[in-house]
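Not measured: the values here are computed from a predicted model.
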Amino acid sequence: MMVATAAFSAGKCIARFNDLETSSLVASTKKLPIKSCYQSCSSMSMNGCQSDLKIPLGIVETRSLVPVSSPALAMDRLSSALSELRFHLRHSNFPNSGLIRIQVPIEEHIEAMDWLHAQAHHQELPRIFFSGRRQIGAIDGNINGRNLINVAGVGAAVYFRNFQRFSFHDWRSIKRFLSKNCPLIRAYGAIRFDAKADISEEWEPFGSFYFMVPQVEFDEFEGRSLLAANVAWDNGLSWPCESAIDSLQKTLDQVNFVILKSEKDVPNTSIRGEILHIPNKKNWGIAVKKALKMIRSNSALTKAVLARSSRIVTASDIDPLAWLTCLQVEGDNAYQFLLQPPNAPAFIGNSPEQLFHRKKLTIWSEALAGTRARGGSGALDHKTGYVVSVSPKDDLEFTIVRECIRKKLEEVCNSVLVDPHKAIRKLPRVQHLYANLQGTLTSENDEFEILSTLHPSPAVCGYPTEDARCLISETEQFDRGMYAGPIGWFGGEEAEFAVGIRSALVKKGLGAFFYAGTGIVEGSDPSLEWEELDLKIMQFTKLLRLEVPLFHTVT
């Protein structure tokens, strides 16, 4: 096979596209180390949270090679470019720290999910998948005018994890490895719903948050694809460039360039034993009545979002990628995601809710509340949508969410625009009340404040936030983990986060945990709210060839 050499000169590639330039970032704080027992979690990477932020990264750069016709040729180009990089490392002065992205456009449209399926035999490597809501430009990168649709990645060039609350220092640690001039260098990950809550065993590998810049990344564009490799190093973390190159080469050696079309058939999986709901239906009724009692008292609480964890054990292991592929058919107006640290469960989901999307100084968010099933016919569907739009209980829940988000945006924005009327967002199985909000930030550095202000949203926690969070902490007897937390990505001048709902945690030998929640306000009925929980997890129960009424509840 012919291999085209990537000729580097003065550390830059001869071919570029889309005006991707080179840059470096400056940071100015220092992060404390994480728990020592987890520092060796990834022997093939480094934890960027342990960086000395007083020392800026020496270089953050994108190097783009000429387009090729196939993934196999793209792999050859990346391997050749990596050899060139190693040569320059040994024969020239190299920065003590940096991140270099080498990318090869592929003149063929290949689905990122199909590429990730081809890599499924190496589950010890961390991996990610993220798909934005295409119609509103949730992932706004582009190549030659083509919008970026889906992103998949394996391995971690650099990861970020701690067991303390996600802080400004952690945000700065991530931003240290990013650049405004390299928009496709992004850190993908998630944050726990409540960092104060104890971490259960199944969520332990994620820490309080987990982000990663993939070592090998596959980007799916409209009509085109791109394969990229990221090399990150920092001598201050005892992770020199040569070690980073060696690690990346090991990952590249494992990458499969033979990509087959994924089947979207429902996996044939049967349940072993009963399904365990926490809480069960009886205790759910008690919890809802407790919340309603507080709402009706003199407390400030007007809404609390209570959730349920449903544990299944299956006769055969669940393939999280197969499940995620099936969820894609229900993905209109929603985010699909997979986040899996090394040798850990996979957090997957199909979330309809955006937390925020920032591009430069503009920020978008949305209010989403009230749930009804879709109708079996056009007339019934219209009637069901009308019922939720005029329901006093659902209107109250929606208004609380919208006004709370508006107030939170006003805390950090110069101006905020709110849709004056509520609309209906229709998903394949459910429909919700919905409204857009838009604000203008004073500074791009307000990104961290926006994240910490908007999370947790009243749609997944309640209002006022602290009152609702305390009730949740006292009432729920399971760890939400990343469920209902932010999941998405940070870029140089852009970021996008969904709310991690309609989600599940899946692992070999573990089975799966399904998570769902519902807003409790004046007028809520425990039985109806329980039915809403069943409706929200139906996209997962159908993968088990079950209908919700067949569920068994442990009492």
Side-chain angles (χ1 to χ4, degrees), residues 1-22 44-45 58-95 97-110 112 114-116 118-119 122 125 143-144 151-158 177 179 181-182 184-185 213-221 224-233 239-259:
M1 181 178 294
M2 296 295 293
V3 178
T5 302
F8 291 117
S9 175
K12 296 183 180 180
C13 178
I14 59 171
R16 294 185 184 274
F17 64 88
N18 202 34
D19 296 322
L20 297 178
E21 300 295 337
T22 65
M44 298 178 66
S45 186
I59 184 173
V60 180
E61 177 176 287
T62 295
R63 300 177 175 181
S64 300
L65 310 184
V66 295
V68 297
S69 58
S70 69
L73 284 174
M75 285 290 297
D76 286 341
R77 293 280 176 90
L78 286 181
S79 295
S80 178
L82 207 56
S83 297
E84 293 276 346
L85 184 61
R86 192 189 298 274
F87 176 83
H88 284 284
L89 169 66
R90 293 172 176 173
H91 296 87
S92 62
N93 293 326
F94 231 66
S97 61
L99 192 156
I100 295 176
R101 173 186 172 95
I102 307 169
Q103 57 188 28
V104 185
I106 302 171
E107 295 175 327
E108 178 185 359
H109 176 256
I110 299 169
D114 292 341
W115 180 86
L116 194 57
Q119 320 312 322
H122 294 295
L125 293 173
I143 171 175
N144 295 342
V151 175
V154 296
V158 54
F177 285 85
S179 168
N181 294 324
C182 301
L184 295 182
I185 297 178
V213 177
Q215 275 186 317
V216 183
E217 180 181 316
F218 193 90
D219 298 341
E220 177 189 346
F221 292 87
R224 205 172 189 182
S225 311
L226 182 147
L227 186 67
N230 294 303
V231 182
W233 72 97
W239 189 250
C241 189
E242 189 160 5
S243 295
I245 293 174
D246 289 342
S247 174
L248 173 57
Q249 187 61 63
K250 289 179 182 178
T251 301
L252 280 174
D253 290 342
Q254 299 178 65
V255 170
N256 186 0
F257 56 79
V258 178
I259 302 169

- Query: What distance do Phe257 atom CZ and Leu78 atom CG have between them, rounded to the nearest 0.5 Å?
  - Reply: 12.5 Å
- Item | Ile259 CD1 to Ser225 OG distance, which is reported to the nearest 0.5 Å | 8.0 Å
- Message: As an exercise, state the distance from CD of Glu217 to CZ of Arg101, rounded to the nearest 0.5 Å.
- Response: 4.5 Å
- Message: So Leu116 and Val154, do their side chains get closer than 4.5 Å, heavy atoms only?
- Response: yes
- Query: Listed by chain and number, what are the salt bridge (charged side-chain N to carboxylate O under 4.0 Å, His left out) partners of Glu108, not counting sequence neighbours?
  - Reply: none
- Message: Could you work out, with side chain to side chain donor-acceptor pair (under 3.5 Å) as the rule, every residue matching Ser79, not counting sequence neighbours?
- Response: none
- Message: Taking His88's backbone N and O only, do any of them form a donor-acceptor pair with Ser92's side chain (distance below 3.5 Å, no angle check)?
- Response: yes
- Note on the structure: With sequence neighbours left out, the residues meeting side chain to side chain donor-acceptor pair (under 3.5 Å) with Gln215 are Ser247, Thr251
- Message: Within this structure, what is the CD1-CG distance for the pair Ile102 and Leu82, rounded to the nearest 0.5 Å?
- Response: 5.5 Å
- Query: Is the closest side-chain heavy-atom distance between Gln103 and Asp219 below 4.5 Å?
  - Reply: no
- Message: I want to check something: taking the side chain as every heavy atom from C-beta on, are Trp233 and Ile100 in contact at a cut-off of under 4.5 Å?
- Response: yes
- Reported CG-to-OG distance for the pair Leu73 and Ser80, which is rounded to 0.5 angstrom: 12.0 Å
- When Ile245, Asp246, Leu252 are each screened for side-chain contact (heavy atoms from CB on, under 4.5 Å) with Leu248, the one that passes is Leu252
- Query: Do Val66 and Arg77 come within less than 4.5 Å of each other through their side chains, counting heavy atoms only?
  - Reply: yes
- Task: Indicate yes or no: at least one non-hydrogen side-chain atom of Ile110 is less than 4.5 angstrom from one of Phe218.
- Result: yes
- Item | Matching residue for Val231 among Leu85, Leu99, Val158 - test: side-chain contact (heavy atoms from CB on, under 4.5 Å) | Leu85
- Do Glu242 and Arg90 have side chains that get closer than 4.5 Å, going by heavy atoms? yes
- Task: Calculate, to the nearest 0.5 Å, the distance between atoms CD and CD belonging to Gln249 and Gln254 respectively.
- Result: 11.0 Å
